[in-house]
**Q** 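To start, I am sharing the structure in question, which I have written as structure tokens.
What you see is a predicted model; the values in this text were computed from it and never measured. Numbered from 1 within each chain, the chains take letters A, B, ... in sequence-line order.
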Amino acid sequence: MRALVRPAQYVALAFYILFLGFPLLWLISASLKSSGELNSLTVSLIPQDFHWENYSQALSRQGLVRSAWNSALVAVVSTMLVIVIALPASYVLARLRGKIRAAGVGWILVSQVFPVILIILPLFLILRTIGLTDSLVGLTLVHTTYTLPFALWMMQGYVSAIPVDLEEAGSMDGASRLTVLRTIVFPLLMPGIVATAMFSFVSSWNEFFFALVLLQSPENYTLPITLKMFIGGEGKVALGPLAAGSVLAAIPSIVFFSIMQKKLTGGLLSGAVKG
Amino acid sequence: MSAPTLAGDPHAAAARRPDRRAPRRTGGMARAKRREAIALVMPSLLPILVLSVAPLVMGVALAFTDARLVRHPDYQFVGVDNFVRLADNSFFWDSFRIGMIWAVSVTLLQLVAAMGLALLLNSGLRLQGLTRVLALIPWAMPPVVVAIMWQMIYSPNAGPLNAFLGALGLPDDINWLADFSTALPAVIVVGVWVGMPQTTVTLLAGLQQIPDELHEAAAMDGAGAWRRFTAVTLPSLRPIITSITSLNFIWNFNSFSLVYVLTEGGPGGRTMLPMLFTYLEAFKNRNIGYAAAMGVVLVVVVVLLLAIYLRSQFRSEKES
């Protein structure tokens with residue numbers, strides 16, 4: 001009986017690996033198949049022979065490249081904005097007790113669970129009034145605002161981990177506050193800034209709902225919207241290039257998450273659980 | 001943003017540092033400090049106030065108007081008219097029921113599946129690294145790509161799922177996402193796939209906090225694996241399970257993108273989640289005020305359900 005436990009566990013693990021990994025493998029496989037093979041009724045995970053032209057076709061599609069560019073632009077600019085405005089505020093959140101902190105933390109929690117549908121209606125009206133619907137500037141502002149609470153939360157945690165004593169030691173040596181921040185706090189905070197930036201980039205790059213509501217002209221579409229339009233109705237695109245485009249769209253997110261993987265599974269969340 | 005999906009408080013460890021004191025000073029210094037603090041917080045506060053707190057308040061206000069999505073809106077206050085109309089809207093309540101089925105099943109299945117994987121990963125098997133990376137992929141991927149991927153899996157003709165069933169000699173001509181009876185279960189599976197990793201990671205972190213001595217003591221007392229699980233593991237994980245199930249339930253109930261791309265609510269409204277229904281009412285039928293009323297009803301119900309659930313959890317925690 002006991003001897004069977006380990007093998008049974010490996011069988012169970014194999015099922016999990018299959019369940020979690022197979023859909024992605026299938027997508028990659030579809031992106032490498034010829035259109036003939038995709039349209040035939042033979043079903044196999046390994047392509048008969050590898051075809052890269054789906055990728056070149058996906059990349060030569062005007063809409064796809066343009067929307068990837070839009071996505072990158074919105075994600076990079078909103079990430080920079082998030083870091084620049086969250087940095088000072090996260091310092092305050094981490095170092096101050098009392099009402100500001102309580103209000104900040106309260107809003108962070110509320111913003112995690114609130115249905116965006118209730119916010120999107122007036123948000124749409126507000127942005128329309130100032131002419132920022134169907135605009136990448138408007139979308140960037142929205143992505144910045146909605147990534148901010150969680151970014152603040154991440155960053156204030158990294159600030160909290162820097163002992164106040166270090167700063168106090170610095171100011172005792174006669175360094176000005178700014179010098180202390182620049183020479184002591186900033187360097188220690190760098191890994192936190194990088195992690196927050198990656199999170200912020202992925203959030204914006206993957207985001208679908210705001211982009212769906214706010215953008216109307218195809219030249220403004222972000223990548224998720226363009227991919228959605230390819231499968232819905234008019235823009236029917238061949239399966240191969242669609243799969244290739246999807247793989248390309250998933251790469252930045254997967255790369256960043258893999259880098260952050262250690263942090264996510266390790267210290268950070270175990271810290272959360274102890275609390 | 002639909003993406004901020006990291007669970008809980010990643011920095012509780014830091015927040016608990018005993019040596020972290022707020023630098024409190026008195027008199028003019030305190031005022032200068034406060035002014036400095038406000039100046040530092042302002043750049044974050046401003047966009048949040050303008051683009052999310054204000055819309056939230058307006059969203060509730062819109063529910064009492066007849067606002068429509070037309071060029072020059074001039075709204076009338078209509079009192080509770082929208083809510084009265086809503087009470088009779090059977091399509092809305094259908095979507096509400098479907099949303100409940102979806103959120104409850106996805107949340108429970110996520111919990112069970114994640115618990116299994118977390119236990120496996122915690123029991124010292126090989127392949128842990130691979131499994132962890134794999135487990136994070138669904139979480140990281142853009143929802144649109146996830147939906148496209150699963151549409152291929154479920155594809156009636158050349159899809160691998162039907163091919164697999166066919167190989168086993170089972171019916172292999174099911175149009176999973178288009179058939180009335182299979183559409184909802186099919187999207188639920190995708191929902192579980194997407195949300196399971198995060199729950200696994202959280203549970204795993206919780207499992208690693210349970211001192212080995214507890215299990216050893218139970219084993220000495222002759223408790224078998226299942227008994228140790230129910231008597232030691234589950235009670236220790238209880239606070240984590242409570243918080244992730246509440247959060248997962250709300251996220252699942254509020255979810256939109258995945259099912260919107262997978263089925264757009266079809267076939268025949270069989271996967272019409274409440275957020276999809278409200279979105280269509282606002283941006284296809286252009287009834288902003290009416291849609292806002294739906295949003296308000298959904299928020300109220302979810303908050304109520306959550307309050308009941310959390311209360312029962314705390315009560316039984318006290319008892320045990």
**Q** Who passes side chain to side chain donor-acceptor pair (under 3.5 Å) against B:N162, sequence neighbours left out?
**A** B:W176
**Q** Would A:W26 and B:M152 satisfy side chain to side chain contact (heavy atoms under 4.5 Å, CB included), going step by step from the backbone distance to the final call?
**A** CA-CA 8 Å; A:W26 189 263; B:M152 292 180 182; 4.1 Å; yes
**Q** What about the rings of A:F124 and B:F283, do their centers lie closer together than 6.0 Å?
**A** yes
**Q** Of the backbone (N, CA, C, O) and the side chain (C-beta and beyond), which part of B:S123 lies under 4.5 Å from a heavy atom of chain A, both, or neither?
**A** both
**Q** Given that the side chain runs from C-beta out, which part of B:I48 has a heavy atom under 4.5 Å from chain A: side chain, backbone, both or neither?
**A** both
**Q** Could you look at B:V50 and say if it's the side chain, the backbone, both or neither that has a heavy atom under 4.5 Å from chain A?
**A** backbone
**Q** Identify the two heavy atoms, one from A:N206 and one from B:P142, that lie closest to each other, and give their separation to 0.1 Å.
**A** OD1-CG, 3.1 Å
**Q** If I measure from the heavy atoms of chain A, does B:L134 come under 4.5 Å with its side chain, its backbone, both, or neither?
**A** both
**Q** Pick one of side chain, backbone, both or neither for B:M294, based on which atoms fall under 4.5 Å of a heavy atom in chain A.
**A** neither
**Q** Does any heavy atom of chain A fall under 4.5 Å from the side chain of B:A163, the backbone, both, or neither of them?
**A** side chain
**Q** Mind checking whether A:I117 and B:F256 have side chains closer than 4.5 Å, heavy atoms only?
**A** no
**Q** What part of B:V296 is in contact with chain A, defined as an atom under 4.5 angstrom from a non-hydrogen atom: side chain, backbone, both or neither?
**A** both
**Q** Within the structure provided, determine whether A:L121 and B:M58 are in side-chain contact (heavy-atom separation under 4.5 Å).
**A** no
**Q** If you count heavy-atom pairs under 4.5 Å between each of B:P160, B:P47, B:G59 and chain A, which one has the most?
**A** B:P160
**Q** At a heavy-atom separation under 4.5 Å, does B:L117 approach chain A through its side chain, its backbone, both, or neither?
**A** both
